[in-house]
Amino acid sequence: MRRGMACALTAALLAWPHGATASADAGAAKAILLRSIAFRTVQGEGQVPGLAAYYASILKAAGFAEGDVAITPMGETATLAATIPGRDPALKPLLLSGHMDVVAANPADWTRDPFVPVEENGYIFGRGAEDNKYDVAMMVATLAQLRREGWRPRRTITLLLSGDEETDMVTTRALAEKYRDADMMLNSDGGGGLLNDDGQPVLYQIQAGEKSYADFDIGFTDPGGHSSAPTPGNPIYRLAKAIDRIAAYKFPPMRNELTTASLRLSADRVGGDVGAAMRRYADTGDPAAADILSGHPEFVGQVRTTCVATMARAGHALNALPQSATVSVNCRIFPGTTIDAVKVQLTRLVDDPSATITILGDPTASDASPLRADVMKVVGDAVTARARGVTVMPAMSAGATDSLYFRAAGVPSYGVSSLFMRAQDGFAHGLNERVPVAGIRESLEQWDRVIRALAGS
Ligand SMILES: [Zn+2]
């Protein structure tokens, strides 16, 4: 229900006996957002626990029981878990998620101090305003309102806030391990709406899958020697041949229900040969259509795994045969493909038994979540209630969010941010990050509808 509408009272009466169903107050939600930006929750600053304590104080003031709000310190950061217990203990919980940390920001580069929240020209500016403090503020305000009403959902609701999503994701892994026995997770840090230049909503994406991220180092070595006496084992030559083969290779085209749905829904908007290729690929899997899409950097990631050389280092002196050459290759892996399978393919392409191929770090792959009818309907209805006529489509993103570890743990996860932005206002991770103030009331209504419907009244 929209606050302030003439029919509000009638609607509230119709909703009886479930009680009042007003979404949270927009002014209160904005105040939470502004206050939260002032916490410098960059890695190493140690301010995430303070922000968690601030959110916890709001939830407890609204009536959350002491034992239902838990802050768990982890090194200099922390996690927050806040629960509204459900009436039916047989139902697995609904998780809501976001992150409290932000990407570093250099004040010297910003027009304004990134950690002094400012409201100006209809925007709130500050590091983390978009990523992810806006939606965290909306969820905290909504849960506080639901608690104040004394609302008892059928299904337990747990808000999980991680503390190092932008860096190490250690807190994310801990949360995914602890809360893996859940019905699903709604992640505020993915998906969301697009406004056109005039500020009218045109598109909303539900993020239901992510490509996995993995880096490989491919190394070649040789005894070396004097450059006046070249040998065939030169590591730079071997590296160059291997890179040529990797560059020329196309991983097989892949589709899933997520990418076929989003390609079909995007085909008309894109139009022309590319739009036609989108439809043909979605409908038939035609590899020629996949190749047309692969010619466009903005679409290649939607049709196949991609690997690209990103860094190289070799040699040690101008007059010596190189003793080593190494290239780093970054891969964005289509859901359903394992990181080991990509390594096997790279090994085949390198075709040099003396080369070493190393996976860097400890990457995790995740499958796409199924496009659950309840999520698509509830989120679709909540979005079209605020933005009539908008196209709601599933989406697979190229970057990773906390959903990665929850999907890997078996929890279907959906990016359903309540933020609608113009493309030119998207400055997440960048300078002068901002969010429009005008959408706050509708964001609160969206969360209110989605949470009530999926947790059950
Ligand atoms: Zn984020």
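Residues: numbered from 1 along the sequence shown. Just so it is clear, the values below take in all heavy atoms, side chains as well, and ignore hydrogens, waters and symmetry mates. Every number for a ligand or one of its atoms is a count from 1 in the order of the listing. Small disclaimer: the values here were computed from a predicted structure and weren't measured.
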What I want to find out is whether Glu210 reaches Arg407 closely enough, with some N-O distance under 4.0 Å, to be called a salt bridge. yes

Taking the side chain as C-beta and beyond, is there a heavy-atom pair between Arg264 and Asp283 under 4.5 Å? yes

Got a sec, which residues hit salt bridge (charged side-chain N to carboxylate O under 4.0 Å, His left out) with Arg269, two or more places apart in sequence or on another chain? none

N/O/S from Glu165 sitting under 2.8 Å away from the Zn ion (ligand 1): no

With sequence neighbours excluded, tell me which residues meet salt bridge (charged side-chain N to carboxylate O under 4.0 Å, His left out) with Lys178. none

Looking at Asp131, the N, O or S atom sitting nearest the Zn ion (ligand 1) is OD1

Counting backbone and side chain alike, does Glu166 bring an N/O/S atom below 2.8 Å of the Zn ion (ligand 1)? no

